[in-house]
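Data block below; observations after.
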Amino acid sequence: MLEETKVKTIDKVVVRFSGDSGDGMQLAGNIFTNVSAGLGNQVSTFPDYPAEIRAPQGSLSGVSGFQVSVGTGVHTPGDSCDVLVAMNPAALKQNVKFLKPGGVIIVDIDSFKEADLKKALFTTDDPFTELGIKAQVVKVPVTSMTKAALAETGLDNKSVLKCRNIFALGLVCWLFDRPVESALHFLKSKFARKPAIYEANALVLQAGYDYGHNIHASVSTYRVETEDPRPGVYTDINGNTATAWGLIMASQKSGRPLFLGSYPITPATDILHELAKRKDLGVKAVQMEDEIGGVCAAIGAAFAGDLAATSTSGPGLALKSEGIGLAVIAELPLVVIDVQRGGPSTGLPTKTEQTDLMQALYGRNGESPLAVVAPISPTDCFDMAFEAARIAMEHMTPVILLSDAFIGNGSSAWRVPEADDYPDIKVPLLPAERIDGTWRPYERDPETKVRYWAIPGTEGATHRIGGLEKDFNTGAISTDPVNHELMVKTRREKIARIADSIPPLEVIGNGDADTLLVGWGGTYGHLRTAADTLNREGVNIDFAQFRYINPLPANTADVLARYKRVIVAELNTGQFADYLQSRFPGVNIARVNKIQGQPFLVGEVVDHVKDILNK
């Protein structure tokens with residue numbers, strides 16, 4: 001009956017896994033993503049965690065989701081999904097709004113009993129009619145089939161039920177013609193130390209795949225187009241892991257050992273976890289007692305000659321501000337990673353925002369300039385972590401890397417780079433010829449204004465630095481007002497000259513548009529797709545995404561001046577728009593803002609831009 005199968009050939013497809021926070025949706029989604037990346041698909045993911053640590057099982061507030069888009073031309077996880085996997089009624093109720101018309105819903109019908117419906121606040125015994133669902137609903141006895149597949153394994157009931165997500169994964173792999181062997185590879189890696197659990201999940205994965213074959217005539221299947229990728233080793237990588245690896249590359253390219261002093265905080269903790277595994281590469285990762293301890297330990301490591309970093313989110317950045325100010329006045333290289341989340345205060349720990357920009361630029365006492373950069377995708381976290389470290393060391397300054405929860409937790413297909421793809425980092429170590437008894441700690445390169453980095457223990461280079469203002473010439477403590485102004489201006493000029501070593505702002509478009517759509521950081525995929533959509537619909541618009549925030553690329557003024565209108569879209573109330581307006585008061589800036597703890601939808605950006613243009 002294979003000829004009866006309804007096959008849709010598409011350039012990209014979106015799948016959303018949803019269930020209780022204990023149902024393993026993130027694992028199933030991650031394995032599906034890795035398998036797809038291995039086939040040459042572009043991928044983009046959006047893990048949507050519940051805010052509660054462990055809400056009541058089956059409740060609406062405890063639903064966890066994982067959305068992934070795979071195929072060609074993929075820049076976002078998609079506004080809506082082609083296939084929704086719902087492991088219980090609460091997951092169905094919370095996520096059906098994301099399903100495209102005519103899509104497919106796969107439900108574990110064993111979890112749709114009367115008690116389950118009540119937990120999800122349904123008022124009838126037919127949730128599909130109550131929700132007005134018009135889609136292909138595939139009612140699969142996932143729990144029963146999982147128990148049957150594992151009946152002979154001797155596993156206890158709790159362990160058996162934990163395998164339900166892998167049955168659903170097997171079914172989805174069949175639906176999109178993903179090889180079971182690839183999924184088994186990732187399962188074996190996940191459960192390398194638990195062979196019995198691996199064997200159980202392998203049985204369940206195959207059972208889910210085989211179940212798909214048995215129902216092939218009753219549900220659409222999908223053939224997803226692929227591209228011929230550049231030869232190399234590919235993997236699926238999330239932004240936090242890429243950030244950690246980018247720091248390691250910078251350590252290798254600078255010859256300076258990597259030190260991370262951090263305190264766990266959602267959604268940045270995985271950076272600490274990843275670097276703690278890398279002792280084989282000389283990484284020192286220390287979990288400190290609090291955020292202040294984390295930044296202070298990193299500052300000590302910077303003084304000692306290490307590539308020093310600390311990772312956090314918005315509340316932790318606030319706590320680190322005094323320490324960062326010390327690194328500014330001491331002129332020490334320090335990478336501060338802020339994986340932004342919803343605020344203020346502890347706010348929305350598992351949700352994404354871009355609301356820390358002004359804190360990064362100005363959130364310290366006194367004139368305290370530093371560099372600020374922002375990666376635009378999960379894979380770009382590698383490059384921008386490398387860049388943050390390069391800028392920090394080559395210019396002897398703290399650098400704040402503004403990632404966010406969307407790209408930090410999200411993932412993309414990544415080609416593992418060659419070491420030669422990245423330049424050596426030129427560390428301004430104190431030259432041996434200057435160790436003659438006349439050197440002082442704030443002696444500078446005349447072109448870059450960067451002071452030399454004297455590593456403690458270097459004979460003849462004994463020196464002191466600290467939080468009190470120092471004399472420009474001698475390095476001794478100074479309260480002289482004229483000297484203080486000179487030092488303030490010098491530190492400011494040093495940051496401004498970083499613009500000479502960063503790439504120009506790139507504009508995507510035909511170059512003849514009157515309107516420029518602008519974003520920064522992790523909104524890149526949604527905004528670029530929105531710009532592409534607008535141009536296909538006949539709205540002539542160019543697009544630019546900022547990765548370097550302070551200093552801005554040297555050509556920024558020239559780029560903005562070419563347009564009659566600049567539309568700045570960001571996940572806050574307009575912080576970057578305000579920043580640009582203050583720097584370039586003659587530019588006509590309009591704004592698109594969202595502050596809901598969720599990334600942009602492409603459709604809403606398109607609609608907002610059209611509204612602005614129509615006005």
Side-chain angles (χ1 to χ4, degrees), residues 75 354 357-358 360-362 369-377 380 383-384 387-388 390-391 395 399-402 404 407 492-493 495-572 574-593 600 602 605-606 608-610 612-613 615:
H75 296 296
Q354 292 183 299
L357 178 60
M358 288 302 179
L361 288 168
Y362 306 118
L370 47 68
V372 180
V373 299
I376 63 175
S377 69
D380 193 48
D383 289 339
M384 294 312 289
E387 270 292 271
R390 179 191 69 80
I391 292 170
H395 297 270
V399 179
I400 295 180
L401 177 73
L402 284 177
D404 60 59
I407 60 173
R492 182 183 179 91
E493 179 66 19
I495 300 302
R497 294 192 184 192
I498 294 171
D500 297 334
S501 69
I502 62 176
L505 178 65
E506 178 185 0
V507 175
I508 298 172
N510 296 323
D512 59 352
D514 291 335
T515 301
L516 178 68
L517 178 63
V518 164
W520 66 276
T523 57
Y524 167 81
H526 297 89
L527 300 187
R528 176 168 182 178
T529 306
D532 291 344
T533 302
L534 287 161
N535 279 292
R536 285 197 302 270
E537 295 179 0
V539 180
N540 193 11
I541 190 169
D542 289 346
F543 169 63
Q545 191 81 358
F546 283 83
R547 301 159 81 217
Y548 298 88
I549 308 298
N550 191 45
L552 293 164
N555 67 331
T556 299
D558 292 338
V559 168
L560 299 183
R562 298 205 301 259
Y563 297 89
K564 294 180 180 178
R565 181 187 299 104
V566 175
I567 301 174
V568 180
E570 51 189 322
L571 298 176
N572 55 45
Q575 295 183 18
F576 191 59
D578 289 344
Y579 177 58
L580 289 180
Q581 195 75 81
S582 69
R583 298 291 303 275
F584 312 105
V587 177
N588 177 20
I589 293 180
R591 302 152 189 259
V592 176
N593 303 110
F600 280 121
V602 172
V605 176
V606 169
H608 280 302
V609 170
K610 287 180 177 178
I612 291 170
L613 297 181
K615 290 177 182 177

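Distance alone, capped at 3.5 Å, places no donor-acceptor pair between the Thr556 side chain and the Leu552 backbone.
The side chain to side chain donor-acceptor pair (under 3.5 Å) check on Arg497 picks up Glu493, with sequence neighbours excluded. Annotation: salt bridge (Lys or Arg N to Asp or Glu O under 4.0 Å) contacts of Asp558 (sequence neighbours excluded): none. With sequence neighbours excluded, the residues that form a side chain to side chain contact (heavy atoms under 4.5 Å, CB included) with Tyr362 are Met358, Tyr579. By the side chain to side chain donor-acceptor pair (under 3.5 Å) test, Asn555 pairs with no residue at all, sequence neighbours left out. Qualifying salt bridge (Lys or Arg N to Asp or Glu O under 4.0 Å) partners for Glu570, counting only residues two or more places apart in sequence or in other chains: none. His526 is linked by a side chain to side chain donor-acceptor pair (under 3.5 Å) to nothing, counting only residues two or more places apart in sequence or in another chain. The salt bridge (Lys or Arg N to Asp or Glu O under 4.0 Å) check on Glu506 picks up nothing, with sequence neighbours excluded. In terms of the side chain to side chain donor-acceptor pair (under 3.5 Å) criterion, residue partners of Asp512 (sequence neighbours excluded) are, by chain and number, Asn540. Tyr563 meets the ring pair (Phe, Tyr, Trp, His ring centres under 6.0 Å) test with no other residue; sequence neighbours excluded. Partners of Ala569 by side chain to side chain contact (heavy atoms under 4.5 Å, CB included), not counting sequence neighbours, listed by chain and number: Leu517, Leu527, Val592, Phe600. Every residue was checked against the ring pair (Phe, Tyr, Trp, His ring centres under 6.0 Å) condition with Tyr548, not counting sequence neighbours, and none meets it.
Ring planes of Phe543 and Tyr524: tilted class, angle from 30 to 60°.
The shortest distance between side-chain heavy atoms of Ile495 and Pro551 falls below 4.5 Å. Between Val587 and Leu580, the closest side-chain pair of non-hydrogen atoms is not below 4.5 Å. Residues Ile541 and Leu516 have side chains not in contact (no heavy-atom distance under 4.5 Å, counting atoms from C-beta outward). A heavy-atom distance below 4.5 Å is not found between the side chains of Ile508 and Asp542. Residues Val373 and Ile391 have side chains in contact (heavy-atom distance under 4.5 Å, counting atoms from C-beta outward). The shortest distance between side-chain heavy atoms of Ser377 and His75 does not fall below 4.5 Å.
The one candidate from Asn550, Ile400, Leu402 that meets the side-chain contact (heavy atoms from CB on, under 4.5 Å) condition with Leu357 is Leu402.
For CZ of Arg492, the number of neighbouring non-hydrogen atoms (other residues, nucleotides, ligands) closer than 6.0 Å is 12 at most.
Residue pairs satisfying the salt bridge (charged side-chain N to carboxylate O under 4.0 Å, His left out) criterion with at least one member in residues 581-591, sequence neighbours excluded, are listed as follows: Asp578-Arg591.
Distance CG/Asn572 to OG1/Thr523: 9.5 Å, rounded to 0.5 Å. One distance of note links CD1 of Ile589 with CG of Leu560; it measures 7.0 Å at 0.5 Å rounding. Note: Ile376 CD1 to Asp404 CG = 12.0 Å, rounded to the nearest 0.5 Å. Here the straight-line distance linking atom CG of Asp514 with atom NZ of Lys564 works out to 4.5 Å at 0.5 Å rounding.
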Could you walk me through whether Trp520 and Leu571 pass the side chain to side chain contact (heavy atoms under 4.5 Å, CB included) test, one step at a time? CA-CA 10 Å; Trp520 66 276; Leu571 298 176; over 6 Å; no

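Comment: Glu387 does not engage Arg547 in a salt bridge, judged by the lack of any side-chain N to carboxylate O separation of less than 4.0 angstrom.
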